[in-house]
Amino acid sequence: QHAPNTADNKQAIVHLFEWRWADIAAECETFLGPYGFGGVQVSPPNENRVIAIPYRPWWERYQPISYHLNTRSGNDEDFRDMVHRCNQQGVRIYADVVINHMCGFGGSGHGTGGSYFNAENLDFPAVPYGSNDFNNCSTCGTSDCKVQSYDDVNQIRNCRLVSMLDLNHSSDYVRGKIADYMNYLTSIGVAGFRVDAAKHMWPGDLAAIFGRLSDLNTAYFPSGSRPFIAMEVIDLGGVISSSEYIHMGRITEFRYGKQIGQIFRKQYGQTLAYLQYIGENWDKESDNNVLVFVDNHDTQRSHGAGGESILTFRDSKLYKMANAFMLAFPYGFVRMMSSYYWDQWWELQSWGLKDSNDWIGPPADGSGNTMGVSINNKGNCRNGWICEHRWRQNRNMVMFRNVAAGHGMFNWWDNGYHQIAFSRGDRAFIAINNEGLWALDATLQTGLSSGDYCDVISGDLSNGGCTGKTITVGGDGRTHIYIAGDDEVPMIAIHAGSKV
Ligand code: AAO
């Protein structure tokens, strides 16, 4: 379904990429609950192949060995404990499910949970799957059984995505095994799924699988609640359209992050003034059908789509502005990215520059165990975890979006270039200045009732006072906004919940 099953109609989730379950549970209690986050997308919880060369890359988790819950993030017990503790805080868990394929072709060994597999004979006894459960090379039709052309629908859906063994989803048995896995997660209390590589599965097969899904666990959700579905479909034009999937749930709208990146980077003559039209009026699926994000775990390392336009934590000023816009603007269900750091190593390939370190896995000890997230007394993450979601500007805009929920965009203003402002009904107001040189200096309609408001970009409302700028709105709803061109974070955001 399209509705995310959040508590209290909360409006945004965060992807805690590669975090351990124990750390996510603690984060729900100490941070995500109090700051109004609706949920967490977690890395794939099922057992995966252990990749030694390169050493323990992040992408090994996209190579399933079984549906046992046992990974570098934790085991079955840890997962259950996390789901329970997060739900207690009104923070939902969304599982990334890798159901298009098993691991890459070739070799044999044991997965992260110790299960044996043979990827030469297509044998996964811990499910169990055998060679009959996979698409064979003749239904695929390419010489090496891999997807070679993204212009061929049959190849995309019946061949192996970068060599990974492609399950035959027309099989009743395979559908049953996948549905059992997803239903197991639901029984624990997850609220829904991010469906990996949905573009590589036939919509009819997915519909059959989703038709077998159970209702959510009534310990946490009203009876009859259906799992939220966000399908990873990269549609930047091409032979497969996201519109083939939207009757089943939301799709990941990759065009959004690409356009946002281009606009804030001022590429191709784009300006912030265009953002007024960024929703469905501009070449994208409608509001209710999309999951939107500035970057994700693929696009931040040039896997997937969007290329050099994508904004990440590495461009922190523009990234904060792009996230703030996304959280302020009424379009789509929002997912924020939370990353770990790695050193990039750019090398020239025949097609252009590539980061040869894009495989590097999460912060880990010498034995490959993922390290816990440590947080200093200022609330910032350390030891390699970036925690974009904890940056004040990002974190406070989540509350802005919750406060503005259900109110449309009004009072749009722009200077024709890189300065914009708008309100969300009478609930919230934001102004952004991406000019660089020129100040935003204007008297604008905020839509808000008169009073003093704390700007949640420069500070926090704390003990009835504001640690940042205070904005005074007059009886006519107007206020004078001044944002210097070289302001460290050139935005102002106020809302009904930030009244001093
Ligand atoms: C690894 C190794 C491989 C090895 C394999 C098996 O890297 O060398 O062969 O193991 O041993 C992740 C990693 C992969 C990794 C895999 C398994 O990214 O590198 O392979 O785990 O460990 C396509 C899919 C999309 C997928 C994306 C990465 O459609 O589903 O590739 N994303 C998900 C996950 C991702 C994961 C998997 C799927 C697999 O989020 O983390 O892979 O479970 C076009 C197509 C897109 C296509 C892209 C990239 O995009 O349209 O569908 O995404 O190409 O191939 C312009 C075009 C745009 C085009 C884009 C390409 O923008 O307009 O259409 O250029 O950049």
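As the structure lists them, so they are numbered: ligands from 1, and atoms in each ligand from 1.
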query: Just which atoms of ligand 1 are under 4.0 Å from any heavy atom in Arg194?
result: 34 (C), 40 (O)

field: SB check Arg61 Glu18 (cutoff 4.0 Å)
entry: yes

query: Using a heavy-atom cut-off of under 4.0 Å, does the side chain or the backbone of Tyr150 touch ligand 1, or both, or neither?
result: side chain

- prompt: Cys140 and Cys145: sulfurs closer than 2.5 Å?
  reply: no

Parallel, tilted or perpendicular: rings of Phe31 and Tyr35 (30°, 60°): tilted

task: Could you list which atoms of ligand 1 come closer than 4.0 Å to a heavy atom of Asp196?
output: 33 (C), 34 (C), 37 (C), 38 (C), 39 (C), 40 (O), 43 (O)

- request: Measure from atom 24 (C) of ligand 1 to every heavy atom in Arg255, Lys199, His200 and give the option owning the shortest one.
  value: His200

message: Tell me whether the rings of His389 and Phe37 are parallel (<30°), tilted (30 to 60°) or perpendicular (>60°).
response: perpendicular

- request: Specify whether Phe124 and Phe134 have parallel, tilted or perpendicular ring planes, treating 30° as the upper limit for parallel and 60° as the lower limit for perpendicular.
  value: tilted

query: Which ligand 1 atoms does Ser163 reach within 4.0 Å, using its non-hydrogen atoms?
result: 6 (C), 9 (O), 11 (O)

query: Do you see a donor-acceptor pair shorter than 3.5 Å between the side chains of Asp76 and His68?
result: no

message: Below 4.0 Å, non-hydrogen atoms only: which portion of His297 touches ligand 1? Side chain, backbone, both or neither.
response: side chain

query: Which of the atoms of ligand 1 are close to Val162, meaning less than 4.0 Å from one of its heavy atoms?
result: 4 (C), 5 (C), 6 (C), 9 (O), 20 (O)

field: Pick from Leu236, Ile156, Asp96, Leu161: the one approaching atom 62 (O) of ligand 1 most closely through a non-hydrogen atom
entry: Leu236

task: Find all atoms of ligand 1 within a distance of less than 4.0 Å from any non-hydrogen atom belonging to Trp58, and give their numbers and elements.
output: 12 (C), 13 (C), 18 (O), 41 (O)

From Met164, Arg49, His101 - option closest to atom 16 (C) of ligand 1 by heavy atom: Met164

message: Just to verify, which of Tyr62, Trp59, Trp58 counts as forming a side chain to side chain donor-acceptor pair (under 3.5 Å) with His297?
response: Tyr62

